[in-house]
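Letters A, B, ... are given to chains in the order of the sequence lines, protein chains preceding strands, and every chain is numbered from 1. Computed from heavy atoms alone, side chains included, the values below leave out hydrogens, waters and symmetry copies. Just so you know, these numbers come straight off a predicted model, no measurement behind them.
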Amino acid sequence: MNDAGCLHLSNFKAAKGSSPYKIVHGFFVASTSYEARRYKATSCLCFSCGQPGPRLHSCLHCIYFACYGGHIQEHSKNKKHFLYVDLSYGNVFCAQCQDYIYDRELTEISQSNRLLEAKSLGISLPFTPWLPNSNEVLALKRLRKRRLISPHTTIGLRGLQNLGSTCFMNCIVQALIHTPLLRDYFLGERHKCKTQGSGKCLVCEVSKLFQEFYSGAKTPLTLHRLLHLIWTHARHLAGYEQQDAHEFFIATLDVLHRHCMNGVDETEKNEKERCNCIIDQIFTGGLQSDVVCTSCSGVSTTIDPFWDISLDVAGPGSLQACLERFTRAEHLGSAAKIKCSNCRAYRESTKQLTLETLPIVASFHLKRFEHSSQIDRKISAFVSFPAELDMTPFMSTHRRAVDAADNNNDPEGLFEDNRYSLFAVVNHLGSLDAGHYTAYVRQMKGSWFKCDDHMITRASLRDVLDSEGYLLFYHKTVLEYECDVS
Amino acid sequence: MNTIVSELSMNDLNSKFFDIIQNESTAEDAANFIFDSVCEDVTLGVLFEVHHGIKTGLTELLEGEKEDEEPYKIVNSPECDVFGFSILKKTPDANCSCPNCDRPVSATRFAPHLEKCMGMGRNSSRIASRRIASNSREPTSYAGLPSDDEDDVDWSGTLHSERRKRRMKNNKRNSKIHNGIRSNNGNHNPDSNDGATYETMSANEKKNLLLQICGVVSEHTKKLCTRSTRCPQHTEEQRRALRNSVLEPSTPESQSMGLTAEDAGSPPDSSPSSSCSSSSRKRDRHRAVPKMKNKREKLSPLNGRD
């Protein structure tokens, strides 16, 4: 890869360093402060013609602004200032080479300024394409072969052998393997493990599984080591014949979350209060519970982490209706008085659950198995669920605004995008006593497959949306990039 | 920053902005101008990305040598899955090595094997405590232990593996006799042994019985399973273990009969195709509140099923 600029730029950098570029970029390309934004707003006009364009450039030698309509070229020729910066993207044009040139050092300055700009504005970092570092460039040169992932090939798909009523495991594994961000994490080989090769780390096992799914092999996989690892570390799972896919899902996340710590140093563990492992980054959200005293209207708020949301299915006909009911204020009644810290007495109260923070993957569990002292039954009621779901109405901030009938929206809400896309559905077929689990997974946008143990067949979105639904997995549609300036 | 000449002040900008948006036609012009600028900027971004990729060689580097897609093409046929395997045909069973005991296990019977092997299941704590209590006892004395989990004991310890080797030898020598014995004892009524225990039977009776039936002792009813030697309720391991403990190979009687644990039923390839019925015990399971550890306890209010 050739990103060493050109001879002319090298000479310029040898004489003046890279600070002229850094200043021009930090003020007029990516304004890194309020002051810089003021400068940009008031001075970005062509010094020759007074127009804001077309395509303003700045001379790198004397910071002269001129448009690409002829004036910057004129300035360059007259003054023999051959390097000028495009003010939209910060790329450098060399008049001697007659082309835009790319220099690794300047690119890195540009990247760090973009980060500072986003931080100064309090917004998430805009997307920039991947720029491999020198090690990655070497690896790309050495390993030339590329495997394509397309909707026409089986790459990324694999059947899973039934190990004797282990469809509960197979469908959860299929859902996890097709979780976009988890796939990126594992195919990017981001799990660095201290116990590597010991065969005791579930995260390593899942990492191997991803390699198997993308290996191009077609024979079904046998997940006996995975099952053994999960049972070893989640002893409460009560034997294979009583397995529930939902319970297995939660137990798997728990073991994965604990094993993620295998790659973390002891010192780092204690420093961070909140776990930042990949499982928590993807699956953990915050559930807010507001208990309001009916006497004094005092509110007691707690926020608990959650990995999934269990929803009652009796009654509502859609996922949104289930969620609406889940987040509705509920009167606790006289039998369940709670001690109000304000009144210093036991009072009747209302309780409301809302979503304080959303996880990247929102997992919903439809409570289709009802157990009471009188009757045990499966509720097969149809619950429709959408391919695209907006979670905004169930957020704590939104609910508060609605309740207060406050039309002045939070300014932070301006940038919020809470849209989610369906990517996996686990179904339970049959009755309470005899049943089978299958999963629908989205391999890529618009490309769905049905996973029935070793059998993988094509499915349509219609098939997916018409299915009964037991566990529903949604992935955040637009990912925001965190501004983590070190 | 002395070289920067500010043409406008912020005040100028503000007043100009209000001038423009107060007049409908200039406001529209301004809106169009902004829209065009955004469009141009976005287009320019794509152009720069492509130019950067080509000029630096990054595009070529990322693309590399593309693999031929042909071998991985999805098969589009109603009779096949995406890999081209017939949807009617069963997949051939494979063996896998049990990570717990290192023994080869048929893949389709792995989960039931592992459950026993790890001593899990609803009664795992009961079984575990019993195992601790019975640790001092002679492990082959089956009579005092009405457990269907004895196989775990049998699998550890060199004494037993030596015995198994011996058994394997016997097995080879006598494998032809198997069918003969079986046909001699074809008139057994499987229902007649209700309440029967192995303790009350003679060695011969036990042997004859175990050629006919599964014979595994139920954990709950303490009765023998009277289904066939291929019954799907119990695993091959359970049957083998039971035979190991009931048909004590060291007794001279059984040696002379030429009958070994391996012989009495349990053909090695008897695994029926796995039928998935994971919910067969759902009721029990759903009553159990999942035990969440440490921090995860906070999650349980959402997960509680009761």
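The two atoms that bring Gly164(A) and Pro112(B) nearest to each other are O-CD, 4.0 Å, heavy atoms only. Pairing each heavy atom of Lys218(A) with each of Tyr72(B), the nearest pair is NZ-CA, 4.4 Å. For Tyr100(A) against Lys55(B), the heavy-atom pair with the smallest separation is O-CE, 3.4 Å.
In this structure, chain B has a heavy atom under 4.5 Å from the side chain of Tyr89(A), while its backbone stays farther away. With a threshold of 4.5 angstrom between heavy atoms, Thr154(A) approaches chain B through its backbone and through its side chain. Looking at Ser86(B), the atoms closer than 4.5 Å to chain A (heavy atoms on both sides) all sit in the backbone: N, CA, C or O. Residue Asp452(A): no heavy atom, backbone or side chain, is found under 4.5 Å from chain B. Contact annotation for Pro151(A): only backbone heavy atoms (N, CA, C, O) come within less than 4.5 Å of a heavy atom of chain B. Heavy atoms closer than 4.5 Å to chain B are found in the side chain of Phe449(A), but not in its backbone. Using a 4.5 Å cut-off between heavy atoms, Thr232(A) touches chain B through backbone and side chain atoms alike. Proximity to chain A (any heavy atom under 4.5 Å) is restricted, for Asn76(B), to the side chain, taken from C-beta onward. Residue contact with chain A, scored on non-hydrogen atoms closer than 4.5 Å, is absent for Ser37(B).
The closest side-chain heavy-atom distance from Ser88(A) to Phe48(B) is not below 4.5 Å. With a 4.5 Å cut-off on side-chain heavy atoms, Gln443(A) and Val82(B) do not count as touching. Under the 4.5 Å side-chain criterion, counting only non-hydrogen atoms from C-beta, Met455(A) is not in contact with Phe85(B). Between Leu148(A) and Lys66(B) the shortest side-chain heavy-atom distance falls below 4.5 Å. Between Phe110(B) and Thr166(A), every side-chain heavy-atom pair lies at or beyond the 4.5 Å cut-off. Considering only heavy atoms from C-beta on, His224(A) comes within 4.5 Å of Pro99(B) through its side chain. Contact check for Glu69(B) versus Ile155(A): no side-chain heavy atoms found under the 4.5 Å cut-off.
The CG atom of Leu227(A) lies 11.0 Å from the CG atom of Asn100(B); values are rounded to the nearest 0.5 Å. With values rounded to the nearest 0.5 angstrom, Glu65(B) atom CD is found 10.5 Å from Leu143(A) atom CG. Atoms OG1 and CG, from Thr108(B) and Asp453(A) in turn, are 11.5 Å apart once rounded to the nearest 0.5 Å. Taking CG of Leu163(A) as the start and CG of Leu114(B) as the end, the distance is 9.5 Å to the nearest 0.5 Å. Here the straight-line distance linking atom CE of Met118(B) with atom CZ of Arg235(A) works out to 4.0 Å at 0.5 Å rounding. In this structure, SG on Cys117(B) lies 7.5 Å from NE2 on His228(A), to the nearest 0.5 angstrom.
For the pair Arg144(A) and Glu60(B), the salt-bridge criterion is met [side-chain N within less than 4.0 Å of a carboxylate O].
Per-residue counts of heavy-atom pairs under 4.5 Å with chain B were compared for Thr107(A), Asn91(A), Thr128(A), Asp3(A); the largest is that of Asn91(A). In terms of non-hydrogen atom pairs under 4.5 Å with chain A, the most contact-rich of Lys73(B), His51(B), Glu49(B), Glu70(B) is His51(B). Of the listed residues Ile101(A), Leu131(A), Asp86(A), the one with more heavy-atom pairs under 4.5 angstrom with chain B than any other is Asp86(A). Among Val105(B), Ile87(B), Asp68(B), Val75(B), the residue with the largest count of heavy-atom pairs under 4.5 Å with chain A is Ile87(B). Taking Val137(A), Thr219(A), Asp99(A) one by one and counting their heavy-atom pairs under 4.5 Å with chain B, the maximum is reached by Asp99(A).
In this model, no donor atom of one side chain and acceptor atom of the other lie less than 3.5 Å apart for Asp81(B) and His454(A).
For CD of Glu28(B), the number of neighbouring non-hydrogen atoms (other residues, nucleotides, ligands) closer than 6.0 Å is 12 at most.
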